[in-house]
Amino acid sequence: LSAQGAERLMNLHPMWQGPLAVPGGDRQSPIDIVVRKSVLDTELKPLKTTYDPKTCQQIWNNGYSFLVEYDDTTDKNTLKGGPLQDTFRLCQFHFHWGETNDWGSEHTVDRRLFPAELHLVHWNADRYSLFEEAVMEDNGLAVIGVFLKVGKRHEGLQKLVDALPTIRHKDSVVEFTCFDPGCLLPANTDDYWTYHGSLTTPPLTESVTWIVMKQHIEVSHDQLAVFRSLLFTSAEEEVQKSMVNNFRVQQPLRGRTVRSSFT
Ligand SMILES: NS(=O)(=O)N=C1NCCCN1
Ligand SMILES: [Zn+2]
């Protein structure tokens, strides 16, 4: 097995932590955001999100995280502005978290870890007609990252937390409607860092414009504990493994510049 083969295997392993970048990958994610090395870009515009809660369809456990999926066959849920030239459509959001509140996020800020990180995944609907096409293309995707901190209860999140026990096992799906993903964004969405990177789970393609919010959101300890009650394993498997630490290790910056929309 060549080194490259081993790398590919490593990245495909179910609990792959992908310590290595994708072969030849020089824009992999996640990364540590070194604040004093980020470059202010005054051309960066405010983010413009328009989400329609009625287009929320289902919530399911894919064996690595849980995803809330939206109907992306029309332009009902869009992301524009910020560093983006085109209009992007939301297809799903999901989270990454740790087994304790001491770690769990994928990105870090000056090495600071957060207990969890939300990813809102969008694809470029001006250039492509399906997520699957956009995922392979430069500038095909835009993912908003939001850090979670443990504090007061997040009222908007509770409807989602209440659904998690019904999708404990891998591959379980339930209908999930009327959820506004906008309620998970911080109050201030004008301050963010942005850089060109990749998906942090397979296919790890380098097609993502990352937009990482400076302001975090707060969730309660108990809400986050319910995330950890999910399982990586399906109902059939004998040994049940709790879904925790579903984050990728950080990747080399490879000379990339992280831009900031604020000083
Ligand atoms: N964690 S991530 O970068 O969003 N990775 C993803 N991989 C598959 C499709 C959606 N997102
Ligand atoms: Zn993610």
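Counting starts at 1 for both ligands and their atoms, in listed order. No hydrogens, no waters, no symmetry mates; every other heavy atom, side chains included, goes into these values.
- Of the residues listed (Thr257, Thr209, Val208), the one engaging His196 in a side chain to side chain contact (heavy atoms under 4.5 Å, CB included) is Thr209, and it is the only one.
- Close approach of ligand 1 to His119 is summarised as follows: ligand atoms under 4.0 Å from at least one heavy atom of the residue are 1 (N), 4 (O).
- With Leu47 as the partner, the side chain to side chain contact (heavy atoms under 4.5 Å, CB included) test is satisfied by one option alone out of Asp190, Thr194, Leu79: Leu79.
- Formation of a donor-acceptor pair under 3.5 Å by the Ser242 side chain with backbone atoms of Val244 is not found in this model.
- In Phe131, the part holding a heavy atom less than 4.0 Å from any atom of ligand 1 is the side chain.
- Among protein heavy atoms, the minimum distance from atom 5 (N) of ligand 1 is reached at Thr201 OG1, 3.2 Å.
- Residue contact annotation: His96 has a non-hydrogen atom under 4.0 Å from ligand 1.
- Scanning the protein for heavy atoms near atom 10 (C) of ligand 1, the closest one is Gln92 NE2, 3.3 Å.
- Between the Asn245 side chain and the Glu99 main chain, a donor and an acceptor come within less than 3.5 Å of each other.
- Minimum interatomic distance between Glu106 and Asn246 (heavy atoms only, all atoms of both residues): OE2-O, 4.2 Å.
- Here the protein heavy atom with the shortest distance to atom 11 (N) of ligand 1 is Leu199 CD2, 3.7 Å.
- The single protein non-hydrogen atom nearest to atom 3 (O) of ligand 1 is Thr200 N, 2.8 Å, given as residue, atom name and distance.
- The proximity of Trp210 to ligand 1, defined as any non-hydrogen pair under 4.0 Å, is limited to the side chain.
- Side-chain atoms of Asp86 never come within 3.5 Å of backbone atoms of Asp126 as a donor-acceptor pair (strictly under, hydrogens ignored).
- By the neighbour-count criterion of 12 heavy atoms within 6.0 Å, atom NZ of Lys159 is densely surrounded, having more than that number from other residues, nucleotides or ligands.
- Distance alone, capped at 3.5 Å, places no donor-acceptor pair between the Ser220 side chain and the Arg153 backbone.
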Evaluate the criterion ring pair (Phe, Tyr, Trp, His ring centres under 6.0 Å) for residue pair His107 and Phe247; output intermediate values, then yes/no. CA-CA 9 Å; His107 291 90; Phe247 51 83; over 10 Å; no
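- In this structure, atom 4 (O) of ligand 1 lies nearest to the protein heavy atom His94 CE1, 3.1 Å.
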Going by atom type alone, with no hydrogens or angles, which donor-acceptor pairs under 3.5 Å involve a side-chain atom of residues 171-185 and a protein atom two or more places apart or on another chain?
unit_1	atom_1	unit_2	atom_2	d
Ser172	OG	Ile167	O	3.4
Ser172	OG	His169	O	2.3
Asp180	OD1	Gly182	N	2.7

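- Distances from atom 8 (C) of ligand 1 to the heavy atoms of Cys91, Gly145, Pro202 put Pro202 nearest.
- For Asn61 (side chain) and Leu231 (main-chain N/O), a donor-acceptor pair under 3.5 Å exists by modelled atom type.
- Protein N, O or S atom count below 2.8 Å of the Zn ion (ligand 2): the structure gives 3.
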